[in-house]
Amino acid sequence: MLKKIWLVVLMAIVALTAVSQVEAVDYFIDGQLYEGYDEPELAETTATRVPIVVITDDDGYLNSAADAYSGYYRLPITYFPTVSWLGSTGFKSFARLKSLQNREKGPCEVGYHGLNHEDAASLGYDWIVDDSQQCRTILADNGINMSKGYAPTYGSSVPEVIRRLISDGEIEYSRQAFQDGTAYNYPGTQFDPANIAVVSVKQDVSLPTLRRLISRAVDKRLMLVLVFHKISKLPAIGDPYDYSYRKYRKMIDHIVWHQQENGLQVLTLSDAVCLMKQQ
């Protein structure tokens, strides 16, 4: 009898430990606890008073199921391809990207993520202008309209250069990408079209974390910009940017529920920036 009691107690301890570990994982991304907050601060939509979610996809990988399932719900998505990689092994063809931009099921905005994915922090004004013009020409030659949305490579850039690019009308906004080794990449709550903050969704970001972020954006009337790279049914082990299709689908379901029940706006990043500028 005593052995049975100890066995029950032991099983309870194991169960509680497992639960606490699962809950703890939700607060850790890239192995780090986000300091000071359970979740990052998001930009407030104080004037529009509508919550916004933007889904973006970097680099142009072929195994991105994001467009397919987002299209099922007619949700917009914003692509930032590395233009010279398009058509090569593992990346979308120009024809595929064109068909996505012209699809009926949800608008697809195409910005740019550089021609060759060179580190934006080391590039000057003239170089970035020339790079963007080359990207625009290549995309146009393949029937794709490029927006003036810029996602600097490696999430880094020189603020003075970006602000000059916007001032001169070369770009309309600059979206952060990610910073390796950090859970979230948020500079604060102030919306800045020259430095749009994001949540980089890597392989170890849990579904409960995504749901909390989306629900928090709805509850607080915030703008949430999500960055994906690859989305696969069987994510590659050791590739932090290859995200689970199962978790992605469930995240989309959660977004659509809030869209239908709570007025969540799902927008391209250009549309979101336009709305935020009304503040």
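If you're wondering where the values come from, they're calculated on a predicted model, not measured in any experiment.
Here the side chain of Tyr243 pairs a donor or acceptor atom with the backbone of Val205 at under 3.5 angstrom. Counting only distance, with no hydrogens or angles, the side chain of Asn142 and the backbone of Ile144 share no donor-acceptor pair below 3.5 Å. In this structure, Thr137 contributes its side chain and Gln133 its backbone to a donor-acceptor pair below 3.5 Å. Remark: the backbone N or O of Ser270 is paired with a side-chain donor or acceptor of Glu109 at under 3.5 angstrom. Between the Lys250 side chain and the Leu207 main chain, no donor and acceptor come within less than 3.5 Å of each other. A distance-only check finds no donor-acceptor pair linking the side chain of Asn63 to the backbone of Ser232 [under 3.5 Å]. Gln203 places a side-chain N or O within donor-acceptor distance of the main-chain N or O of Asp242, the cut-off being under 3.5 Å. Using a distance-only test at 3.5 Å, with no hydrogens or angles considered, a donor-acceptor pair links the side chain of Thr153 to the main chain of Ala120. Checked by atom type and distance alone, the side chain of Lys247 never pairs as donor or acceptor with a backbone atom of Leu210 at under 3.5 Å.
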Quiz item: What's the verdict on side-chain hydrogen bond (donor to acceptor under 3.5 Å, both in side chains) for Ser70 and Tyr248, showing C-alpha distance, side-chain angles and the deciding distance?
Solution: CA-CA 10 Å; Ser70 302; Tyr248 180 83; 2.6 Å; yes
Quiz item: Does the ring pair (Phe, Tyr, Trp, His ring centres under 6.0 Å) test come out yes or no for Phe80 and His113, once each step is laid out?
Solution: CA-CA 5 Å; Phe80 292 103; His113 197 44; 7.1 Å; no
Exercise. Evaluate side chain to side chain contact (heavy atoms under 4.5 Å, CB included) for Ile196 paired with Met223, printing each intermediate quantity in order.
Key: CA-CA 10 Å; Ile196 295 174; Met223 183 173 80; 4.1 Å; yes
Self-check item: Evaluation steps, side chain to side chain contact (heavy atoms under 4.5 Å, CB included), between Trp257 and Asn262
Solution: CA-CA 8 Å; Trp257 184 84; Asn262 298 310; 3.4 Å; yes
Practice problem: Take Leu75 and Val256 through the test side chain to side chain contact (heavy atoms under 4.5 Å, CB included) and record every step on the way to the result. | Solution: CA-CA 9 Å; Leu75 297 182; Val256 170; 4.1 Å; yes
Practice problem: Apply the test side chain to side chain contact (heavy atoms under 4.5 Å, CB included) to residues Val54 and Leu226: give CA-CA distance (whole Å), side-chain angles for both, the deciding distance (0.1 Å), then the verdict. | Solution: CA-CA 6 Å; Val54 178; Leu226 301 169; over 6 Å; no
Self-check item: Stepwise side-chain hydrogen bond (donor to acceptor under 3.5 Å, both in side chains) check, His258 with Ser215
Solution: CA-CA 8 Å; His258 276 298; Ser215 296; 3.1 Å; yes
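Side-chain contact check for Asp271 versus Ile52: every heavy-atom pair is 4.5 Å or farther apart. Side-chain contact between Phe228 and Ile55 is present, with at least one heavy-atom pair separated by less than 4.5 Å. Ser132 places a side-chain heavy atom less than 4.5 Å from the side chain of Tyr112. Residues Leu264 and Val53 form a side-chain contact, since some pair of their non-hydrogen atoms from C-beta on lies under 4.5 Å apart. Using a 4.5 Å heavy-atom cutoff, the side chains of Glu170 and Tyr125 are in contact. Looking only at side-chain heavy atoms (C-beta outward), Leu213 and Val199 come within less than 4.5 Å of each other. Side-chain contact between Met146 and Cys135 is present, with heavy atoms from C-beta onward closer than 4.5 Å. Under the 4.5 Å side-chain criterion, counting only non-hydrogen atoms from C-beta, Ser174 is in contact with Pro152.
Side-chain contact of Ser122 with Asp119: a donor-acceptor pair under 3.5 Å is absent, judged by distance alone. Under the 3.5 Å distance criterion, with hydrogens and angles disregarded, no donor-acceptor pair is assigned to the side chains of Asn195 and Tyr173.
For the side-chain hydrogen bond (donor to acceptor under 3.5 Å, both in side chains) test with Asp58, the passing option among Lys230, Arg175, His117 is Arg175; the others fail.
A salt bridge does not link Asp253 to Arg249: none of the charged nitrogens lies less than 4.0 Å from a carboxylate oxygen. A salt bridge does not link Lys202 to Asp239: none of the charged side-chain nitrogens sits closer than 4.0 Å to a carboxylate oxygen. A salt bridge is absent between Asp59 and Lys92: the closest approach of a Lys/Arg side-chain nitrogen to an acidic carboxylate oxygen does not fall below 4.0 angstrom. Salt-bridge annotation for Asp67 and Arg103: absent, with no side-chain N of the basic residue lying under 4.0 Å from a carboxylate O of the acidic one.
Hydrophobic cluster membership is shared by Val129 and Leu123, with clusters built from Ile, Leu, Val, Met, Phe, Trp and Tyr side chains linked at under 4.5 angstrom. Residues Val273 and Val225 share a single hydrophobic cluster, defined by chaining ILVMFWY side chains whose heavy atoms lie under 4.5 Å apart. Side-chain heavy atoms closer than 4.5 Å link hydrophobic residues (I, L, V, M, F, W, Y) into clusters, and following such links, possibly through other members, connects Val227 to Met276. Tyr61 is not connected to Val198 by any chain of hydrophobic side-chain contacts under 4.5 Å among Ile, Leu, Val, Met, Phe, Trp and Tyr, and they are in different clusters. Under the 4.5 Å side-chain contact rule for hydrophobic residues, Ile128 and Ile166 share a cluster.
The neighbour count for Tyr73 OH, taken as heavy atoms of other residues, nucleotides or ligands under 6.0 Å away, is above 12.
In this structure, CD1 on Ile214 lies 12.0 Å from CG on Asp219, to the nearest 0.5 angstrom. Atom CG of Leu97 is separated from atom CG of Leu86 by 6.0 Å, given to the nearest 0.5 angstrom. Distance OH/Tyr154 to CD/Glu118: 9.0 Å, rounded to 0.5 Å. Here the straight-line distance linking atom OH of Tyr79 with atom OG1 of Thr268 works out to 13.5 Å at 0.5 Å rounding. Within the model, atoms CG of Asp57 and OG of Ser64 stand 3.5 Å from one another, a figure rounded to the nearest 0.5 Å. How far CZ of Arg246 is from CG of Leu234: 12.0 Å, rounded to the nearest 0.5 Å.
In plain terms, the two heavy atoms of Ser147 and Gly111 that are nearest each other are OG-CA, 3.5 Å. Nearest approach of Ala194 to Arg163, heavy atoms of both residues: CB-NH1, 3.4 Å. The two residues Lys98 and Gly143 have their closest heavy-atom pair at CG-O, 3.7 Å. Nearest heavy atoms, Lys148 versus Arg136: CG-NH2, 3.6 Å. Pairing each heavy atom of Glu104 with each of Arg74, the nearest pair is O-NH1, 3.5 Å. The two residues Leu115 and Ser84 have their closest heavy-atom pair at O-OG, 2.5 Å.
Taking the six-membered ring where tryptophan is involved, the planes of Tyr69 and Tyr245 are perpendicular, since the angle between them exceeds 60° and thus also 30°.
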